[in-house]
Enquirer: 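Have a look at this one.
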2 protein chains.
Amino acid sequence: MDPGAPKFRRRKAERPGEIVAAALAVFAEKGFAAARLDEIAARAGVSKGALYLYFETKEDLFRAVVGQAIAPNIAAVRAMAEAHPGPFEDLLRGVATQLAHIVGVTRIGSVAKMVIGEARNFPEVARVWHDELVAHALAAMSGAIAAAQARGEVKPGDPRVYALQLISPMLLAVIWRETFVPVGAEPFDLNTLVSQHVETILRGMLAEGAST
Amino acid sequence: MDPGAPKFRRRKAERPGEIVAAALAVFAEKGFAAARLDEIAARAGVSKGALYLYFETKEDLFRAVVGQAIAPNIAAVRAMAEAHPGPFEDLLRGVATQLAHIVGVTRIGSVAKMVIGEARNFPEVARVWHDELVAHALAAMSGAIAAAQARGEVKPGDPRVYALQLISPMLLAVIWRETFVPVGAEPFDLNTLVSQHVETILRGMLAEGAST
DNA sequence: TGCTAATAACCGACTGGTCAGTTATTAAGG
DNA sequence: CCTTAATAACTGACCAGTCGGTTATTAGCA
């Protein structure tokens with residue numbers, strides 16, 4: 001051992017980001033309750049005590065993960081849904097593609113699954129996820145659908161239910177990947193699923209006269 | 001207190017069923033990890049030690065819950081899907097109705113959510129759920145879809161993906177109810193959702209020439 | 001430029017509480 | 001009165017959060 005090597009380094013600015021990244025990984029892998037603060041600390045290269053210099057509680061740490069690592073992705077989708085000028089069909093294809101990409105490259109699916117599984121025991125976790133992500137995304141999607149209905153592009157029906165129909169297969173595919181593939185189930189290919197679903201649902205949603 | 005009243009009664013035959021019923025309730029409410037054996041025992045009217053007279057471990061108890069309280073419901077759906085003689089459209093409407101009913105009156109949704117949430121930490125739980133329920137149900141549904149495709153009733157496409165598209169909104173609605181409604185979100189009406197989804201998806205799945 | 005407080009980032013052992021599973025003991029019931 | 005269902009106290013392991021001590025870094029001074 002080098003006796004001159006420092007035991008640690010003071011890096012106040014970098015710590016929070018590193019801790020949030022480590023927490024994201026551990027929450028995604030283990031879930032909220034089973035995530036060990038010792039492990040998060042170890043992965044972030046600090047001691048458990050250091051966690052409490054930057055975050056008040058485990059829940060507070062989760063809030064930071066949602067706000068910094070997850071929410072920006074959803075905000076991008078929301079912006080797209082709200083700003084899109086063209087016909088509904090194009091909007092839907094665009095959003096689906098973007099969502100599939102985000103699901104493919106981030107841990108959002110794992111964290112969503114975590115939220116689902118632990119909502120009852122940690123309502124605050126569910127509330128954060130709902131208020132900061134889901135409610136906004138759902139409002140944006142159903143708003144776009146309602147607007148398309150007003151233009152006569154989409155058949156009558158509850159816009160909120162349409163929004164649920166739209167995203168549910170993707171969510172279920174993620175759940176499948178996280179839940180059953182590890183115990184031997186055949187995975188679903190996200191691209192196949194998204195394209196087949198978009199075609200099916202468009203055929204079902206679009207009003208008769210609309211272009212394709 | 002009545003000094004003549006017995007402290008307990010020996011009821012070897014009834015205990016397992018009562019324990020399984022109590023375990024179902026607690027697993028559904030709390031999830032696997034957060035379910036306390038003390039609480040299960042209390043609800044079953046026995047001591048914790050008595051649990052171990054009938055079940056080896058907590059996981060073993062969960063296996064019994066799946067086998068005795070959940071699997072029979074799914075087996076009924078499966079039988080319907082496999083035996084249905086008429087056109088695909090009728091089969092789909094029948095299965096959807098039956099599923100909506102089961103979801104409405106049993107705790108299957110809560111337990112499904114539990115399995116999803118705790119799969120990674122308790123792979124054995126996920127394996128039991130998949131092997132004894134999901135795999136069979138998915139095979140039956142995609143088999144029926146493939147058969148309908150062979151008869152020219154349903155458009156080309158991966159039958160497994162179609163099956164996923166079919167059931168995913170219902171599952172997501174249950175997840176929504178269990179996860180976000182308790183923290184203030186607006187619930188989805190299961191009947192509205194099922195009927196709108198069936199109409200949408202049928203319009204998207206059925207081949208052009210098929211009747212409606 | 002070097003030396004020495006003073007500061008605060010960081011560590012890690014510890015606490016208080018929880019809980020799955022075990023076991024010594026009791027009493028129900030043939 | 002003897003077998004065994006059932007109890008209740010117990011054990012050992014685990015973990016979120018705390019806190020007194022330690023060390024890197026900086027500021028002050030020569």
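Quick note on labels: first sequence line is chain A, next is B, and so on, each numbered from 1.
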Enquirer: Specify the separation, in whole Å, of atom CD1 of I40(B) and atom P of dA20(C).
Expert: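 Distance check: I40(B) CD1 to dA20(C) P gives 8 Å.
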Enquirer: Salt-bridge test for E132(B) and R63(B): reply yes if a basic N is under 4.0 Å from a carboxylate O, no otherwise.
Expert: no
Enquirer: Taking only N/O atoms, report every protein-nucleotides 1-4 of chain D pair under 3.5 Å with atom names and distance.
Expert:
unit_1, atom_1, unit_2, atom_2, d
dT4(D), O2, R10(B), NH2, 2.5

Enquirer: Take the C1' atoms of the five end pairs on each side of the helix from dT1(C)-dA30(D) to dG30(C)-dC1(D), derive the two axes, and give their angle rounded to 10 degrees.
Expert: 0°
Enquirer: List for me each residue that meets side chain to side chain donor-acceptor pair (under 3.5 Å) alongside T192(B), sequence neighbours excluded, and say none if there are none.
Expert: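 If we apply the side chain to side chain donor-acceptor pair (under 3.5 Å) test to T192(B), skipping adjacent residues, the hits are D189(B).
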Enquirer: What pairs of donor and acceptor atoms, side-chain ones from residues 158-167 of chain B against any protein atom, are under 3.5 angstrom apart with sequence neighbours left out?
Expert:
unit_1, atom_1, unit_2, atom_2, d
D158(B), OD1, R160(B), N, 2.8
R160(B), NH2, E186(A), O, 2.7
Y162(B), OH, P156(B), O, 3.1
Q165(B), OE1, Q196(A), NE2, 3.4
Q165(B), NE2, H197(A), ND1, 2.8

Enquirer: Please name all residues satisfying ring pair (Phe, Tyr, Trp, His ring centres under 6.0 Å) with F188(A), sequence neighbours left out, ordered by chain then number.
Expert: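 F188(A) satisfies ring pair (Phe, Tyr, Trp, His ring centres under 6.0 Å) with W176(A) once adjacent residues are dropped.
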Enquirer: Rounded to the nearest Å, what distance is computed from the CD1 atom of residue I19(B) to the C1' atom of nucleotide dT7(D)?
Expert: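 Taking atom C1' of dT7(D) as the reference, CD1 of I19(B) is at 13 Å.
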Enquirer: Without decimals, in angstroms, what is the distance between R11(B) CZ and dG29(C) P?
Expert: 10 Å
Enquirer: Using a 4.0 Å heavy-atom cut-off to protein, can you give one letter per nucleotide of nucleotides 10-16 of chain D, 5' to 3': B if the base is in contact, S if only the sugar-phosphate is, - if neither?
Expert: -----SB
Enquirer: Donor-acceptor pairs under 3.5 angstrom involving side-chain atoms of residues 74-82 of chain B: please list them, not counting sequence neighbours.
Expert:
none

Enquirer: Could you please name the option among dA6(D), dG17(D), dA9(C) that lies closest to any side-chain atom of T57(A)?
Expert: dG17(D)
Enquirer: Using a cut-off of 4.0 Å on non-hydrogen atoms, how would the nucleic acid contact of F55(A) be classed: base, sugar-phosphate, or nothing?
Expert: nothing
Enquirer: Figure out the CD/C1' separation between E39(B) and dA20(C), and round it to whole Å.
Expert: 15 Å
Enquirer: Under 4.0 Å between a side-chain N/O of Y54(A) and OP1 or OP2 of dC10(C), yes or no?
Expert: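 Affirmative; the distance criterion is met.
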Enquirer: Sequence neighbours excluded, which residues qualify as ring pair (Phe, Tyr, Trp, His ring centres under 6.0 Å) partners of F88(A)?
Expert: none
Enquirer: Ring pair (Phe, Tyr, Trp, His ring centres under 6.0 Å) with F122(B): which residues, sequence neighbours excluded?
Expert: F32(B)
Enquirer: Show every side chain to side chain donor-acceptor pair (under 3.5 Å) that has at least one partner inside residues 64-76 of chain B, sequence neighbours left out.
Expert: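 Output for this query is empty, none listed.
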Enquirer: Pairs of donor and acceptor atoms involving the side chains of residues 94-116 of chain B, under 3.5 Å and at least two apart or interchain, shall be tabulated with distances.
Expert:
unit_1, atom_1, unit_2, atom_2, d
T97(B), OG1, R93(B), O, 2.7
T106(B), OG1, I102(B), O, 2.9
T106(B), OG1, I108(B), N, 3.1
S110(B), OG, E178(B), OE1, 3.4
S110(B), OG, E178(B), OE2, 3.1
K113(B), NZ, I116(A), O, 3.3

Enquirer: Take L172(A) and L172(B) through the side chain to side chain contact (heavy atoms under 4.5 Å, CB included) test and state the conclusion after the steps.
Expert: CA-CA 8 Å; L172(A) 187 51; L172(B) 187 51; over 6 Å; no
Enquirer: Send over the distance from R9(B) CZ to dG30(C) P, rounded to a whole Å.
Expert: 11 Å
Enquirer: How many Å lie between CZ on F8(A) and P on dG21(D), as a whole number?
Expert: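 Taking atom P of dG21(D) as the reference, CZ of F8(A) is at 16 Å.
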Enquirer: Please report, rounded to the nearest Å, how far the P atom of dC19(C) is from the CG atom of L51(B).
Expert: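 Atom CG in L51(B) sits about 15 Å away from atom P in dC19(C).
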Enquirer: Looking only at atom types and distance, does a side-chain atom of D60(A) sit under 3.5 Å from a main-chain N or O of E56(A), one as donor and one as acceptor?
Expert: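 At least one qualifying donor-acceptor pair exists.
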Enquirer: From dT23(D), dA8(D), dC11(C), pick the nucleotide closest to the side chain of A50(A)?
Expert: dC11(C)
Enquirer: Could you state the CD-C1' distance from E18(B) to dA6(D), rounded to the nearest angstrom?
Expert: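 Taking CD of E18(B) and C1' of dA6(D), I get 13 Å after rounding.
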Enquirer: Any side chain to side chain donor-acceptor pair (under 3.5 Å) involving residues 11-40 of chain B? Give me the pairs, sequence neighbours left out, ordered by first then second residue.
Expert: R11(B)-E18(B), E29(B)-R43(B), K30(B)-E39(B), E39(B)-R43(B)
